[in-house]
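Quick caveat: nothing in here was measured; it's all calculated off a predicted structure. Heavy-atom basis, side chains included; hydrogens, waters and symmetry copies ignored.
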Amino acid sequence: MFRRPRRPSQKNSVFGVAAFVCAMFLGVPGASAQAPRPVSEDIQDLRKGDCFNTSDELKDYKQDASKTADPTVTIVPCAEPHKGEVYAVFSLPEGPFPGAKKIITLATNKCTATTALTDYVGETELPKTMELYFYGPHPSAWAFGDREITCFVGATSGSSTGSVRASTP
């Protein structure tokens, strides 16, 4: 039930790199990205517009499946320094676990689709210091109903301040 980072192939320089990180269930109910104080959440609780921090360094996400990542994040207001910002969440269909390769393919296609990102950031290109990543379900989390792919942008050099969202919802 550990998240395992993966780094699929690049789509192009605008979209950067997506990281596959499997979800684990250990949550504390929390608040939205507009919360006045940081709130710890499970990755599967992240929603579009949430800005968050993780104990992991996004630049360290590699194709090494043996490296485990922290299963929780801390949601913070986007005006504060943060490592990631969720721009889309997709649900996968019910059924048996499709396998890590299939989830990586589905997540890469959905998270790097032009509409998923431009619906959130508009027509503005992301800064070169930002890359695309995603969290996806691990087989053991799938058995408990986790079917979500969470797409997010992150600064590979540490953290960023402010939102990449074109406008408020």
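Taking the six-membered ring where the residue is Trp, Tyr135 and Phe52 present tilted rings, their angle falling between 30° and 60°. Relative ring orientation between Tyr120 and Tyr87 is described as tilted, the plane-to-plane angle lying within the 30° to 60° band.
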Show your reasoning for whether side chain to side chain contact (heavy atoms under 4.5 Å, CB included) applies to Trp142 and Leu92.
CA-CA 10 Å; Trp142 186 276; Leu92 297 176; 3.9 Å; yes
Quick one: do Glu148 and Arg47 satisfy side chain to side chain contact (heavy atoms under 4.5 Å, CB included)? Show the steps, please.
CA-CA 10 Å; Glu148 290 188 342; Arg47 295 294 167 246; 2.9 Å; yes
Working for side chain to side chain contact (heavy atoms under 4.5 Å, CB included), residues Leu126 and Val153:
CA-CA 9 Å; Leu126 290 176; Val153 295; 3.8 Å; yes
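Going from atom CZ of Arg147 over to atom CD1 of Ile103 covers 9.0 Å, rounded to the nearest 0.5 Å. How far OG1 of Thr72 is from CD of Gln44: 10.5 Å, rounded to the nearest 0.5 Å. Here the CZ atom belonging to Phe90 is positioned 8.5 Å from the NZ atom belonging to Lys48, to the nearest 0.5 angstrom. One distance of note links CG of Asp56 with OH of Tyr133; it measures 11.0 Å at 0.5 Å rounding. For the atom pair CD of Glu125 and OG1 of Thr118, the computed distance is 12.0 Å after rounding to the nearest 0.5 Å. A distance of 9.5 Å separates CD in Glu57 from OG in Ser157, rounded to the nearest 0.5 Å.
Judged by distance alone, with hydrogens and angles left aside, the side-chain atoms of His82 form no donor-acceptor pair with the main-chain N or O of Thr54 at under 3.5 Å. Asn53 contributes a side-chain N or O that, together with a main-chain N or O of Pro81, makes up a donor-acceptor pair within less than 3.5 Å. Side chain of Lys110 to main chain of Cys151: no donor-acceptor pair is present (N/O by atom type, distance under 3.5 Å, no hydrogens or angles).
The minimum heavy-atom distance between Val86 and Val89, with the atom names listed, is CG1-CG2, 3.9 Å. Minimum interatomic distance between Val121 and Val164 (heavy atoms only, all atoms of both residues): CG1-O, 3.3 Å. When every heavy atom of Gly84 is checked against every heavy atom of Phe152, the shortest pair comes out as CA-CD1, 4.1 Å. Across Ile149 and Cys111, no two heavy atoms sit closer than the pair CG2-SG, 3.8 Å.
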